[in-house]
Amino acid sequence: MAPRSGEAAVVVCRRTLLARAALRAWRIAAGRGTFRARFAACLSHRSRRRTKRAVAGRTSLKKYQLALAAAIAEHVGVAAQDLLPSFGVPPKAEQGDISFGAFAIARAAKKDPRAVAAELAQKSFAPRWVERCTAAGPYVNFFLDRGEFAQDVLRDVAAAGSDFGKGRNGAGRTIVVDYSSPNIAKQLAVHHLRSTMIGNALVHLHRALGYQVVGVNHLGDWGTSFGKLLTAWARFGGSLEQKPLAEHPQPIELLNDLYVRFHEKAKADSTLEDEARRWFHRLEQGDTVARDRWKQIRDASWQHFERIYRRLGVSFEEVIGESFFEDRMPAVIAELERLELLEESDEAQVVALPGTELPPALIRKKDGATLYATRDLAAAEYRWERWHFDKCLYVVDAGQALHFRQLFGVLRRMGKPYVDRLQHVDFGILRLPVDGSWVRGKTREGQVVLLEHVLDRARDLAREKILEKNPELKEIDEAAEAVGMAAVIFADLKARRTRDVNFDLEQITSFEGETGAYLQYTHVRFCGILRNYSGATSAASQGRHLATPEETALLKEIASFPAAIERAAVEAEPSILSQYLLGVASLFNNFYAAHRVLAEDPAVAADRVTLVRALRTVVANGLAILGIRPLERM
RNA sequence: GGCCCUGUAGCUCAGUGGAUAGAGCACUAGCCUCCGGAGCUAGGUGUCGCACGUUCGAAUCGUGCCAGGGUCACCA
């Protein structure tokens with residue numbers, strides 16, 4: 001039966017298996033003179049104190065690097081494009097804002113990079129936001145004019161509005177994302193979370209870049225195990241004679257029981273297996289009774305899935321199960337035969353994969369039945385014909401890596417033009433704490449942990465915590481649900497996807513440190529500040545008053561948002577965005593502790609409110625892309 | 001045994017060939033007359049698994065080892 005959820009032995013499954021002193025200095029300087037002087041006062045203070053590592057710089061100020069590259073290219077004989085990799089961020093903020101390593105130029109000119117840097121630092125550069133630059137060894141460090149830079153960034157945000165961060169690289173392109181893909185007749189278990197949320201984030205990331213995105217839920221709804229289920233239905237499903245499956249209070253549990261009973265009885269009664277084969281044959285032949293019951297199972301399962309998908313904010317453009325491809329199987333086999341790729345091996349039919357280290361791909365069993373791989377061949381062909389995709393991602397756990405390598409290998413031998421557009425987006429397993437160690441998705445008793453129970457528990461823990469902190473909150477139900485889901489989703493997407501996730505609900509919902517709740521709280525603070533501000537923000541002066549180190553750090557991080565989205569999509573790695581958002585939140589909280597947004601000076605307050613509004617856009621968009629619904633109160 | 005993934009602070013993890021490798025948790029001490037303290041500040045630990053190589057420069061690239069996990073045809 002079904003495909004992508006691993007653990008086939010246990011669960012018959014498919015594709016899835018988680019400065020106050022600085023402020024004082026600023027105020028003193030504010031009494032006299034320019035913003036630059038104020039900033040210099042802050043800087044000189046800051047150079048005395050030990051500064052925190054710059055969080056900014058994990059992503060790039062791409063736009064500013066491009067402009068600087070063009071400006072530098074005018075002075076040297078190297079193309080601007082080739083200079084881009086030489087940009088970076090100085091290790092300490094007081095050393096500058098953007099660094100440029102002179103290594104590439106030095107190599108081309110056969111000179112000492114330090115000499116090149118020193119020479120380059122003497123030149124002048126066009127962009128208004130370049131204040132000055134200095135040579136530091138083989139590096140040229142550029143200092144931004146804080147006010148100009150702030151205005152430039154906020155202008156960009158204002159121009160893009162709530163679309164800030166989104167791009168156009170994917171315009172006119174189509175991407176298919178195969179994700180979640182559970183088996184029907186089973187409940188969603190906690191291990192399904194990974195494919196579902198990683199896939200969902202990839203859908204949103206690509207949509208943000210302008211791609212037409214087709215999210216596909218490739219349900220495991222076909223296979224010999226349905227013969228077993230139908231056998232059990234006929235033999236032990238007494239209550240199903242009285243009323244249809246959908247009218248039972250817990251249809252999926254009922255199906256589980258039937259399945260278990262089949263296996264219990266089959267141990268003693270070998271005729272059951274034969275009966276199961278006959279039932280599956282009836283299903284394949286389109287027998288009315290078999291077909292009707294199978295459809296009932298499918299519908300009841302989908303109802304259960306949808307309830308959970310809705311809580312997680314997940315939806316699909318196409319829900320096409322394996323059953324859909326059953327009648328496309330002969331065409332695939334015929335094509336393989338025509339291409340003379342099929343070979344007999346131990347009575348089964350396989351496609352060898354010469355030139356690779358891969359074992360042959362099994363296409364047809366000795367009893368003639370097709371397999372998972374065969375259905376995936378048909379599905380790939382169908383998707384290509386229908387969508388002519390630029391990319392097709394299979395968000396499936398790393399345990400199926402060999403399957404996909406073989407699948408792609410067969411398609412390559414078939415000469416399919418789209419084979420290089422297919423990508424297996426693999427990920428590690430989700431582990432739960434059991435008796436002090438980490439166990440793969442199961443309880444101590446070996447039971448599968450239901451996703452719905454995990455979501456309920458997360459919501460309840462969130463509720464307790466919110467009530468403790470904010471007993472007055474009216475929208476407690478909404479907030480508890482949103483914070484609970486945020487905790488679960490962020491725990492899944494925080495680390496690089498190939499890592500295993502240690503999923504400890506207590507830890508995830510502790511709401512301290514790098515958690516979904518911390519990000520929600522940060523967003524809630526933005527909203528609170530904006531609610532409290534009654535003044536006007538004028539577009540004309542936006543940003544000129546933003547010159548403290550904390551503000552500049554935030555603006556740099558805001559300016560890096562589009563690059564973070566792009567890189568996360570290109571690398572199919574949502575954690576790049578997760579880590580970025582943690583950086584924004586951390587920088588904001590630094591700023592917030594050091595400065596009042598609603599400052600006495602109305603001009604300063606107006607600019608800071610504009611900054612907070614930009615931050616709210618960034619964090620709200622970022623959370624939404626990860627699949628987290630940003631809250632306004634909690 | 002072959003192939004794949006992982007190995008960075010006590011724990012969980014960031015880290016784009018570049019400057020002195022850094023966050024969260026945990027532990028200690030501070031910070032609410034002030035926009036929400038789910039926060040902030042300060043305090044310290046590293047043979048970046050090991051070795052060799054490539055490079056002006058390696059946690060990052062290559063090769064070989066070691067350790068843990070996954071996977072290796074008639075399941076999906």
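Throughout, a chain's letter reflects where its sequence line sits, starting with A, and its residues are numbered from 1. Please read all numbers here as calculations on a predicted model, not as lab measurements.
- As judged by a 4.0 angstrom heavy-atom cut-off over every strand, Tyr518(A) is placed among residues touching the sugar-phosphate backbone only.
- At a cut-off of 3.5 angstrom, counting only N and O atoms as typed in the model, there is a donor on one side and an acceptor on the other between the side-chain of Asn141(A) and the base of A19(B).
- Between Arg431(A) and the phosphate of G69(B), there is no side-chain N or O to OP1/OP2 separation shorter than 4.0 Å.
- You cannot call Tyr533(A) stacked on the base of C35(B); the centres under 5.5 Å and planes under 30° rule is not satisfied.
- Using a 4.0 Å heavy-atom criterion, one finds that Arg496(A) contacts the sugar-phosphate atoms exclusively.
- Under the 6.0 Å distance and 45° angle rule, Lys186(A) counts as a cation-pi partner of Tyr259(A).
- Nucleotide C56(B) forms a Watson-Crick or G-U wobble pair with G18(B), both donor-acceptor distances falling under 3.5 Å.
- RNA chain B is contacted by both Asp426(A) and Gly88(A); Asp426(A) maps to the nucleotide lying nearer its 5′ end (nearest heavy atom per residue).
- In textbook terms, a nucleotide whose glycosidic angle is within 90° of 0 is syn, and C32(B) is one such case.
- Considering only side-chain atoms of Ala593(A), the nucleotide from U8(B), C40(B), G70(B) that sits closest is C40(B).
- Regarding contacts with the backbone of A73(B), every side-chain N or O of Arg364(A) stays at 4.0 angstrom or more from both OP1 and OP2.
- Residue Thr498(A) places at least one side-chain N or O under 4.0 Å from the OP1 or OP2 atom of U6(B).
- Asn470(A) comes within contact range of at least one nucleobase, with a heavy-atom separation under 4.0 Å.
- Minimum atom distance to the side chain of Tyr592(A) is reached by C35(B), of the listed G18(B), A23(B), C35(B).
- Residue contacts for Leu358(A): at a heavy-atom cut-off of 4.0 Å it reaches no nucleic acid atom on any strand shown.
- Within the 4.0 Å cut-off from OP1 or OP2 of C72(B), not a single side-chain nitrogen or oxygen of Arg405(A) is found.
- Taking the P atom of each, U41(B) and C50(B) are spaced 32 Å apart, rounded to whole Å.
- In this entry U47(B) has no Watson-Crick or G-U wobble partner, no candidate having both defining distances under 3.5 Å.
- Between the side chain of Thr522(A) and the base of A38(B), no donor-acceptor pair of N or O atoms lies under 3.5 Å.
- Here the closest heavy-atom approach between residue Ile429(A) and residue Asp500(A) is recorded as N-OD1, 2.9 Å.
- As judged by a 4.0 angstrom heavy-atom cut-off over every strand, Gly399(A) is placed among residues touching the sugar-phosphate backbone only.
- Among the nucleotides U8(B), A73(B), C35(B), the one closest to the side chain of Val597(A) is C35(B).
- Listed pair Lys465(A) / A38(B) fails the phosphate criterion, with no side-chain N or O lying under 4.0 Å from OP1 or OP2.
- Distances shorter than 4.0 Å separate some side-chain N or O of Asn502(A) from OP1 or OP2 on C13(B).
- C56(B) sits 23 Å from G15(B) when the C1' atoms are compared, rounded to a whole Å.
- Searching all strands for a Watson-Crick or G-U wobble partner of A29(B) with both distances below 3.5 Å returns U41(B).
- Using the six-membered ring where Trp is involved, Phe87(A) and Phe100(A) have ring planes that are tilted, between 30° and 60° apart.
- With a cut-off of 3.5 Å on both Watson-Crick or G-U wobble distances, the partner of A23(B) is given as U12(B).
- Per the stacking criterion (ring centres < 5.5 Å, plane angle < 30°), Tyr521(A) does not stack onto the base of G39(B).
- With a cut-off of 3.5 Å on both Watson-Crick or G-U wobble distances, the partner of G7(B) is given as C66(B).
- Taking atom P in both G2(B) and A26(B), the straight-line distance is 43 Å, to the nearest Å.
- Nearest-nucleotide assignment on RNA chain B puts the 5′-proximal partner with Trp438(A), out of Met634(A) and Trp438(A).
- For Arg596(A), whose side chain is taken as the heavy atoms from C-beta onward, the closest listed nucleotide among C13(B), C35(B), A19(B) is C35(B).
- Which of G37(B), C35(B), C3(B) sits closest to the side chain of Arg525(A) comes down to G37(B).
- Between His218(A) and the options Phe325(A), Tyr372(A), Tyr394(A), a ring pair (Phe, Tyr, Trp, His ring centres under 6.0 Å) holds for only Phe325(A).
- Side-chain contact of His595(A) with Glu550(A): a donor-acceptor pair under 3.5 Å is present, judged by distance alone.
- OP1 and OP2 of A73(B) both lie 4.0 Å or more from every side-chain N or O belonging to Tyr372(A).
- Within the 4.0 angstrom heavy-atom criterion, no nucleotide atom of any strand lies near Ala398(A).
- At the heavy-atom level, Ser99(A) lies under 4.0 Å from base atoms of the strands shown.
- Ring geometry, His523(A) versus Phe526(A): the interplanar angle exceeds 60°, so the pair is classed perpendicular (tilted spans 30 to 60°).
- Phosphate proximity of G36(B) to Asn532(A): present, with a side-chain N or O under 4.0 Å from OP1 or OP2.
- Among the atoms of the strands shown, none is found under 4.0 Å from any heavy atom of Asp367(A).
- Heavy-atom minimum distance, Ala482(A) versus Arg629(A): CB-NH2, 3.6 Å.
- By the stacking rule of 5.5 Å between ring centres and under 30° between planes, Tyr139(A) does not stack on the base of G18(B).
- Just one of Leu581(A), Leu582(A), Leu519(A) meets the side chain to side chain contact (heavy atoms under 4.5 Å, CB included) condition when paired with Glu514(A); it is Leu582(A).
- Listed here is the closest heavy atom pair of Val89(A) and Ser99(A): N-OG, 3.4 Å.
- Backbone-only contact: Leu402(A) has heavy atoms under 4.0 Å from sugar-phosphate atoms and none from a base.
- Distance from the side chain of Leu362(A) is smallest to A73(B) among A73(B), A38(B), C40(B).
- Between the CD atom of Glu514(A) and the C1' atom of G15(B) there is a distance of 13 Å, given to the nearest Å.
- Among the protein residues, Val524(A) comes within range of the nucleic acid bases, having at least one heavy atom under 4.0 Å from a base atom.
- Closest to the Arg107(A) side chain, of the nucleotides U8(B), C56(B), C74(B), is C56(B).
- Partner assigned to U71(B) is G2(B), using Watson-Crick or G-U wobble distances below 3.5 angstrom.
- OP1 or OP2 of A73(B) has not a single side-chain nitrogen or oxygen of Lys366(A) nearer than 4.0 Å.
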